Every structure is written in structure tokens, then in C-alpha cells.
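A quick write-up on the structure given underneath.
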Amino acid sequence: MIVKRIREEILKHLPADLPVKVEAPPREELGDYATNAALVAAGRLKRPPRELARELAEKLARCEDLFSRVEVAGPGFINFWVAPTYWQAVVKRVLARGEEYGRSDLGKGQRVQVEFVSANPTGPLHIGHGRGAAVGDTLARILSFAGFEVVKEYYINDRGRQMEILGRSVWLRAREIAGEKIDFPEDHYRGDYIRDLARELLARRPDLLELPEEEALEICREFALREILSGIRRDLEDFGVTYDVWYSERELYEKGEVEEALAALAEAGHLYEKEGALWFRASAFGDEKDRVVRRSTGEPTYFASDIAYHREKFLKRGFDLVVDVWGADHHGYVPRLKAVLSALGLDPERLKVLLIQMVNLIEGGKLKSMSTRAGEFVTLRELLEEVGRDAVRFTFLTRKCDAPLDFDVELVKSQSSENPVYYVQYAHARLASVFRKAEEVGLLPPSLEEIPAHRLDTAEDFRLLKLLDAFPRVIEEAAVSLEPHRVTYFLLDLATALHDYYTKHRFVSEDEELSRARLALARAVKQVLARGLNLLGVSAPERM
RNA sequence: GCGCCCGUAGCUCAAUCGGAUAGAGCAUUGGACUACGAAUCCAAAGGUUGGAGGUUCGAGUCCUCCCGGGCGCGCCA
């Protein structure tokens, strides 16, 4: 976290509100870090950037414990070379904090809810849900590691018309199995899993088809809901995703939250009646038009549930921040929900919606369309069985989520041993093997005080030390920007540096002091790799 | 028609909320295991960042307009 220290030094000499940045320059010859301080200050102070840079560089060069060299370059960048002793001390800092290295108090204990997947319980999870699951779960882990108090939640849409259709789908299939000729409706769930459910239900309730339709439909619906939901839960668990709360939409109604929320909006004067329906004046808060919250039939809309749900998140449960992870096809929904928060007197910025773009499934070089209704999709479970959890999670986390993703199943399967995830895991396993070797020759890792860190003096040593030093900042940036993929790319960088080191230097050698220094470095790298992989929900194997 | 997202190497993707000569992996070509694991490493090649303007010391990134792709625009969820 040397960046913070450098920044502090610079700001001693400049107005504090300038957007001064400290970052790694594009090439190694330009130093360890660089700042644009003189460039951004030039305008304000009405002085040529290079002249300002020279003055500033001179002052900064006096911090000899921090910098070994300070130079002005280009249009007015100041480049720093950090003192080697600073880098060498990093290994001790990493080991001293152990597994906790990288944890920060950035979130200051703010309460954050991350709601993700929340797929309708009308069928198994497919690939697209997998992407949302990987991103949401990892984001939650990162936020928690960055000092937020995180609750992971799944919202279950267990009422409404889709539930009726689900029940009827099962019922119709059951009658079909019993030998009846059924003209199965287009808009019902046609996947094979419905037939399986019907068969299973018939086995348990042989009397099903003799019951009055009303009763039979309810039994079908409840059975399907329960089975599908527990299947979803199993799939997610096998994907390494667990939740703190499974929140039922029905419960929202039973507790009277929906009526209460609508009453609150009405009282504030944001509802009105038109054509027999009740409308929310969303257009007054930036949405493009007003929205119905209660149909002319008296039935509340899905939007009404969501109003109540989000009101409950903020007002009843007191979350400081709510992150919703949605499929990008719901993006049109964002403005109306933000409008609700404004109408309720809440800062809409406290709701962050992460839109996960589509996953396009490529099969045989052709785009395959997926639809739950039509029963055409590759399930998350199939993917897990074919490709494996680590590779699937890692693949989803090597992309920023606002770009569509082409998932070529055959390609990922055939190249599974070349998937970048193994590159990172192999770095970890290699280090584990180094320690096995060290133990074999009776070399014990040194205690913290005894690390001969001054022996870590090659270019490859410094490359690793710098990366270790940057880890906490990577976590913070990933947390603030809600971009889990930053951690993935950091791990790839660290693994690359490690593999490079491995081919150039030996950890265990005749020189015992040197070996002890390098083993300490190895331990630090292994620890950070393990921690990073853990944040991604990917295993860190000792052997592969 | 209106709105949101995307367009970067043959392919899949990065690029530190405007920074210096746009980077990785895969695929291609050529090299490296008698020492801690070759699931690795080294090298070559690969680009007018969809196009045209603009903003400024500086643009893949911001603004405008086109082109192409995706997704929305229900008293569905």
C-alpha cells in the first residue's frame, strides 16, 4: 500500500483537493510509481507543468527512507524509484498478518446486502444464472474482506401467475402420463423436468388425478415449488454459493409489507388512480413513465412487491447499501426502482444494480437460444459436471460483467486443462511442492524476525514484492467499483511473476540464508494466492 | 421510433473512475527438462481500439453524429 504513503508525501506540497494520482507507469524503466501531480496542479497554479514537476521532485527526493530516486519525465510526470528496503520489508508485513493480509476497514462496518440469482423457482438454473451466482457470491466475499458487513440474499418469487402456470404444467403432464391426450399449451413450462416432477408426484400421490382440479393444482404447485427450489439450492451449494437469507415473496405479503409500502407512497402523495388502476408517479423521479402498482382487478403488480421488498431492505433491516445483481434484460427496471427510493426519501445511490449481460451459448459454432419455458438450456449442473466448479467460476470471473459473454461449451471442455484457472492453481501447488522439498532437506521456514529479507534483491524478487504490496489495494478497488474480475487479473499477474521466478531462481539451494529468505517470500506468495482464490470461491490445491 | 449496454490482435478477453510505446491467454511458428512439479518458461508474428468529427498538455476511455450487434420499452414476472 505504498501508493497511499507516496500520495501523502506529495499532498504535503500541494492543495489537497487536486485529483492527484499515483500509479505504476507503463514501463519498468520509468520507475516503480509515477504521479500526475504536476500536470493537474499546473492549471490551478498557472505554471508550466515541467517546472512545477522539477520543484516537486526535488522536495520529494529528500524522503530517503522511501525513495531511492525521483525524476521528472514526459510532459511533467514525476517518476519514483522506491527504496529496496521498503520492498524487502513487505514480506514480513504479509506474513505477520497471515490469512488476514489484504483485509481492510474500507467499509467501516457498513451493512451491505448483496441480492443475486433470485431466479424464479420454475425450473433449474442455467448458465446465465451461473454467471450471476459467481459474480454475486465473489462480490460478497470481497466486500466482506474489505470491511463491510455483508448479507447474501436470494429473493424467491413464489407467488403470482407464473406459479399457477407451473402448477398447471405439472398437472397436465401428470394427466398425460396417466394416458390422457393433452394439448400442451405453448406458454406453459415444457422442459423435461416438469414431466419428471409429475411422475414423482404421481408416485407419492396416486390419488392426485381424482382430486378436484383446484386442490390438485395446488398440490402440484406446492410440490413443484419445493422440489425446484431445493434443486436450485443444491446446485448453488455445489457451485460454492451459500446464502444467509432466502426471502420469500409470499412472506412479504403475509407480513403486510406490500400494503404498508403502498400506503406510505400514497400518504406521501405519489400514487393516483386512473382507469381503475393505482399508479406510482415514477415520471416525477426520472423514470420515463408512471407505473401501475395495483391492477384494476385489485391485484398488486410484481412491481408492488419489489417496492415493498426494497423499502423493507432499507427501512426495516437498515442496510446502508444494497447491491442487486440482475440479468441485463431487466435494465429497464432500474429507473423505476430508483424512483421508488427517491419517493420514499431515500438516496437512490444507496441502491447499486449490477447488470449481468447475457451468456450466449455456442454449440457447434452456432448460437443456441435458451428459454426456460421452452425447456431449452444448458443447466448449471450440466456445466459443473462437465467442466468443474473451479473452471466455471474462474471463467465467469475473468470478464467484467457488463459485456456479453460467449460460452463455447465444447471449447471450454476441450481446453479445460489450459483454462487460466489451472495456471493460478498450479502456481500455488508448485509452492506447496517447494515446501515439501524444503522439509525433505531439513530446511525450516524462518521466524518473522529472522527473515534475511536483504537477500531478496533480484528483479524477480522485487516484482513479486511489489505485487504482494499491491494486493490490499486491489481488494479495495474491486470492492469500491464492484468489479470482482480485478481480483482475477491480479492473481493471473501474481502467478505469472511466480512462474517466471521459479524458472530463474531456486527456492531451496546450498546457500542456507538465501533459501530462508526465498522460502519466506514463497510463503507470502502462496498465502496471497490462496486468499485470492478463496475470494473467487476457487480451491487452492496443494497438489494437482 | 425511443432508451440502456457492447464493438479492442484470427478467437476469448484486459487496460488502475483521461495518462507515457494499447496488454494477456488460446491458436500459429521456432526454442528450453541430468537440480524445488514442463499444467511451466523464452522468442517470433499478430492493431488505423467499428467510422467521422470535437473537448485538452494527453482519448480505447469524455461529448456529438453515423455503422453494426444485444437487450428493453405490459394493468407479465
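In what follows, every chain begins at residue 1, and chains take the letters A, B, ... in the order their sequences are listed. Please read all numbers here as calculations on a predicted model, not as lab measurements.
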Inset, instruction - Anything below 3.5 Å on both distances counts as a pair; with that, list the stems of at least three consecutive Watson-Crick or G-U pairs involving RNA chain B. - result: B:1-7 with B:67-73, B:10-13 with B:23-26, B:28-32 with B:40-44, B:50-54 with B:62-66

Legend entry - is_close_aromatic(A:Tyr154, A:Tyr247), centroid dist under 6.0 Å: no

Inset, instruction - Let me know the distance between CH2 of A:Trp326 and C1' of B:C4, rounded to the nearest Å. - result: 13 Å

Inset, instruction - Using the P atoms only, state how far B:C76 lies from B:C71, rounded to an integer number of Å. - result: 23 Å

Inset, instruction - Mind checking A:Phe303 for me? I need base, sugar-phosphate or nothing, with any heavy atom below 4.0 Å counting as a touch. - result: nothing

Legend entry - Exceeds 12 heavy-atom contacts within 6.0 angstrom, atom CD of A:Glu512: no

Inset, instruction - Identify whether any heavy atom of A:His505 sits under 4.0 Å from a base atom; if not, whether one sits that close to sugar-phosphate; answer base, sugar-phosphate or nothing. - result: base

Inset, instruction - Could you measure between the two P atoms, the one in B:G60 and the one in B:A9, and give it in whole Å? - result: 15 Å

Inset, instruction - Figure out the CZ/C1' separation between A:Arg131 and B:C5, and round it to whole Å. - result: 12 Å

Inset, instruction - Could you tell me the separation between the NE2 atom of A:His499 and the P atom of B:A24, rounded to a whole number of Å? - result: 16 Å

Inset, instruction - Please state the C1' separation for the pair B:U16 and B:U34 - nearest whole angstrom. - result: 45 Å

Inset, instruction - When you get a sec, tell me which of B:C42, B:A38, B:A77 is the closest nucleotide to the side chain of A:Asn120? - result: B:A77

Inset, instruction - Dump the intermediate steps for salt bridge (Lys or Arg N to Asp or Glu O under 4.0 Å) on A:Glu483 and A:Arg399, then the final yes or no. - result: CA-CA 9 Å; A:Glu483 290 178 343; A:Arg399 280 125 168 114; over 6 Å; no

Inset, instruction - Using the ring of A:Tyr309 (Phe, Tyr or Trp, six-membered ring only), decide whether A:Lys313 places NZ or CZ under 6.0 Å from its centre and within 45 degrees of its axis. - result: yes

Legend entry - A:Lys352 and A:Asp324 ion-paired at < 4.0 Å: no

Inset, instruction - Syn or anti for B:C33, please, going by whether the chi angle lies within 90° of 0. - result: syn

Inset, instruction - Not counting sequence neighbours, list each pair that qualifies as a salt bridge (charged side-chain N to carboxylate O under 4.0 Å, His left out) and has a residue in residues 430-441 of chain A. - result: none

Legend entry - N or O in side chain of A:Tyr423 less than 4.0 angstrom from B:C41 OP1/OP2: yes

Inset, instruction - For nucleotides B:U8 and B:U48, find the distance between their C1' atoms and express it as a whole number of Å. - result: 12 Å

Legend entry - Rounded distance (Å) that lies between atom P of B:A35 and atom CG of A:Leu443: 20 Å

Inset, instruction - Give a yes or no on whether a salt bridge exists between A:Arg463 and A:Asp500, defined as a side-chain N under 4.0 angstrom from a carboxylate O. - result: yes

Legend entry - Spacing between A:Gln425 atom CD and B:U40 atom P, to the nearest angstrom: 12 Å

Legend entry - Distance, C1' atom - from B:A52 to B:A20, rounded to whole angstrom: 26 Å

Inset, instruction - Determine, for nucleotides 15-23 of chain B in 5'-to-3' order, which nucleotides have protein heavy atoms under 4.0 Å from the base (write B), from only the sugar-phosphate (write S), or from neither (write -). - result: SB--BBB--

Inset, instruction - With A:Arg159 as the cation and A:Tyr253 as the aromatic partner, state whether NZ or CZ is under 6.0 Å from the six-membered ring centre and within 45° of the axis. - result: yes

Inset, instruction - Answer with base, sugar-phosphate or nothing: what part of the nucleic acid does A:Ala429 contact at a heavy-atom distance below 4.0 Å? - result: base

Inset, instruction - For A:Tyr502 and for A:Glu249, find the nucleotide of RNA chain B with the closest heavy atom, then tell me which residue's nucleotide is more 5'. - result: A:Tyr502

Legend entry - Short side-chain donor-acceptor distance under 3.5 Å, A:Gln425 and A:Ser539: yes

Inset, instruction - Return the value, rounded to whole Å, for the distance between atom CZ of A:Arg399 and atom P of B:G25. - result: 15 Å

Legend entry - Phosphate OP1/OP2 of B:A38 contacted by A:Arg430 side-chain N/O (<4.0 Å): yes

Inset, instruction - Please list, chain by chain and in numerical order, all residues satisfying side chain to side chain donor-acceptor pair (under 3.5 Å) with A:Glu257, sequence neighbours excluded. - result: A:Lys316

Inset, instruction - Salt-bridge test for A:Asp511 and A:Arg455: reply yes if a basic N is under 4.0 Å from a carboxylate O, no otherwise. - result: yes

Legend entry - Phosphate OP1/OP2 of B:A39 contacted by A:Tyr426 side-chain N/O (<4.0 Å): yes

Legend entry - P gap between B:G58 and B:C66, integer Å: 27 Å

Legend entry - Set of residues satisfying ring-ring contact (aromatic ring centres under 6.0 Å, His included) with respect to A:His331, sequence neighbours excluded: none

Inset, instruction - Report the residue (A:Glu542 or A:Glu299) whose heavy-atom-nearest nucleotide on RNA chain B is the more 5′ of the two. - result: A:Glu542

Inset, instruction - Using the C1' atoms only, state how far B:A27 lies from B:G70, rounded to an integer number of Å. - result: 27 Å

Legend entry - Side-chain donor-acceptor contact under 3.5 Å, A:Arg294 with A:Thr301: no

Inset, instruction - Provide the distance between the two P atoms, one in B:C5 and one in B:C62, to the nearest whole Å. - result: 10 Å

Inset, instruction - Mark up nucleotides 70-75 of chain B, 5' to 3', with B wherever a protein heavy atom is under 4.0 angstrom from a base atom, S wherever such an atom reaches only the sugar-phosphate, and - elsewhere. - result: -BSSSB

Inset, instruction - Would you please indicate yes or no on a ring centroid separation below 6.0 angstrom for A:Phe435 and A:Phe507? - result: no

Inset, instruction - Mind calculating the distance between CG (A:Asp493) and C1' (B:G25) to the nearest angstrom? - result: 12 Å

Inset, instruction - Measure the distance from CZ on A:Phe396 to P on B:U12 and round it to the nearest whole Å. - result: 16 Å

